[in-house]
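Computed from a predicted model, the values in this text were never measured in an experiment. Within every chain, numbering begins at 1; the chains are lettered A, B, ... in the order of the sequence lines, protein sequences first and strands thereafter.
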2 protein chains.
Amino acid sequence: MQKTARKTGSEAAPVSRLPAHETIYRQLRALVLFGDLAPGQAVTIQGLCERLGAGMTPVREALRRLIAEGALELQGNRRVSVPLLDAGHVGELIFARQWLDPHLAERATARASMEDLRALTAIDNDLDRAILRGDMRGYLELNYRFHRRIYELADAPILADVADGLWLRFGPSLRVVCGRVGTQGLPDKHKDLLAAMRARDHQAAAEAIRADVVQGMEQVRQSLARAVRAD
Amino acid sequence: MQKTARKTGSEAAPVSRLPAHETIYRQLRALVLFGDLAPGQAVTIQGLCERLGAGMTPVREALRRLIAEGALELQGNRRVSVPLLDAGHVGELIFARQWLDPHLAERATARASMEDLRALTAIDNDLDRAILRGDMRGYLELNYRFHRRIYELADAPILADVADGLWLRFGPSLRVVCGRVGTQGLPDKHKDLLAAMRARDHQAAAEAIRADVVQGMEQVRQSLARAVRAD
DNA sequence: CAGGAATAAATTTGATCATATTCTGGGCGC
DNA sequence: GCGCCCAGAATATGATCAAATTTATTCCTG
């Protein structure tokens, strides 16, 4: 996906060659995905222009993109905000991921090279360290990268796109859960998944990822129900 | 061009107050969905500005949105084109719809009012007339509206969004199929589905929609394989 | 006279455009 | 064939216009 096709051997400035709307998009996406923007929070175009130090055209384009992906929503009249999920929405996300993630994990199990598995294991080890460190942001990023890597390995671009889009929808709420529970309370099934992938056991891989997804998403659902009750 | 609304006391123009980027998006979306743009065809911003009689900022925003939804793709350099599907992509779409559409149909069956069912039946009757008339564009639009209505009735906004996004991806190719086969060669299972929904038979509704989806998508896959062979 | 609701000014924010700048790709001369 | 240059297209800016929310005022009622 790197479009830094220079014919010169050394690339001194690979990042500045990216269009501004692309870099803005990535920054904004990270802001949503890792919870720097809270659910329900309103975002303004001009506020983002100042915050990210950019003109308004690139910001507007990035916003349209995020809105189309469901990461942001425009409420009634032209205002943009981070979506607030209710129990029904989380139920939809659970249903979707419970079907999508196992399928992609099966495909990834069939296709992953030893090198891929090593890289995946390395991410998971970093993830464990982030948990022990109590580094919530690191946990969120590495957990995302772990699942994202599996999507990429599945070699199914459309389904991977869909799965990736789902992450953008519950990212902000996941951050809220971590804020309540702490990183300790979020065990995962990554070890089971990695073992199954190494053994090329499709069935076990699908079951491991299903358990991981359900566990994490149910925690989001319950945390959300608790928030409503406390309201 | 629709700026006919004055700020005079009487509010006579409720609809024309839509932003330009929104109307541009809808026009462009229809262009993609109903095959006025062929797969592989390149689109230029300035060309669209002239074609739709709009400034370039709204066009750019609409394009970003369509690209994010997978309806268009930007190839390495900054050119934008209608995606060309291969067999693998169609396989992914079949897999996704085979799971998503039955689920949404089940939910719609549980929730649809008699009024909803009458409206759905009316759409299907119009669809039949379009087929008899040999009106391909009408067929494509009404078939889409039929399925789209079911998504809406399911009361699952996120899953409906995902399903809707899938349509944007195979819309152009569906048009190509119709161009080869003609409207006669595309029977559907809508009658079975409507009967099942009237009887509130979830199981039968899911099965009917599954058959409809598989039948239609397999035709796309085969037509596409034939195109490759002829290439 | 006080409280409140409706209305009108003001400010904030979004939408659009015209234009300047940068980048890509192709043609021409060497 | 290789490199330079030019046309065309995309990107990005800031100004300007319009809409919506907020704030302030006023008038009516109890």
For the side-chain contact (heavy atoms from CB on, under 4.5 Å) test, which of V90(A), V213(A), I94(A) pairs with E218(A)?
I94(A)

What I'd like to find out is whether the side chain of H89(A) reaches to under 4.5 Å of the side chain of I158(B), using heavy atoms alone.
yes

Looking at side-chain heavy atoms only, is the closest gap between R65(A) and I67(B) below 4.5 Å?
no

Report, as yes or no, whether the 6.0 Å neighbourhood of atom CZ on R145(A) holds more than 12 heavy atoms from other residues, nucleotides or ligands.
no

May I ask you to check whether over 12 heavy atoms, not counting those of E50(A), lie within 6.0 Å of atom CD?
no

For [X] and [N], what is the distance between atoms [atom1] and [atom2] respectively, to the nearest whole Å?
{"X": "L63(B)", "N": "dA10(D)", "atom1": "CG", "atom2": "P", "value": "9 Å"}
{"X": "L74(A)", "N": "dT13(C)", "atom1": "CG", "atom2": "C1'", "value": "14 Å"}
{"X": "Y25(A)", "N": "dT11(D)", "atom1": "OH", "atom2": "P", "value": "16 Å"}
{"X": "E22(B)", "N": "dG14(C)", "atom1": "CD", "atom2": "P", "value": "16 Å"}

In residues 43-51 of chain B, what residues come within less than 4.0 Å of DNA chain D, judged by heavy atoms?
T44(B), I45(B), Q46(B)

Side chains of Y151(A) and D161(A) only: does a donor on one sit below 3.5 Å from an acceptor on the other?
no

Can you name the side chain to side chain donor-acceptor pair (under 3.5 Å) partners of R148(B), sequence neighbours left out?
Y144(B), E152(B), D164(B)

Using the side chain to side chain donor-acceptor pair (under 3.5 Å) criterion, which residues pair with H103(A)? Sequence neighbours excluded.
none

For P83(B), does its backbone N or O pair with a side-chain atom of E73(B) as donor and acceptor, under 3.5 Å?
no

Geometric cation-pi criterion R137(B) and F34(B), 6.0 Å radius, 45° cone
no

Quick one: which protein N/O atoms are closer than 3.5 Å to N/O atoms of nucleotides 25-27 of chain C? Pair and distance per line, please.
from    : atom 1 : to     : atom 2 : distance (Å)
dG25(C) : OP1    : N77(B) : ND2    : 2.2

Tell me every residue that passes ring-ring contact (aromatic ring centres under 6.0 Å, His included) with F170(B), counting only those two or more places apart in sequence or in another chain.
W167(B)

Would you indicate, yes or no, if dG8(D) has its OP1 or OP2 atom less than 4.0 angstrom from a side-chain nitrogen or oxygen of R78(B)?
no

Residues of residues 52-61 of chain A with any non-hydrogen atom less than 4.0 angstrom from an atom of DNA chain C: list those, numerically ordered, please.
M56(A), R60(A)

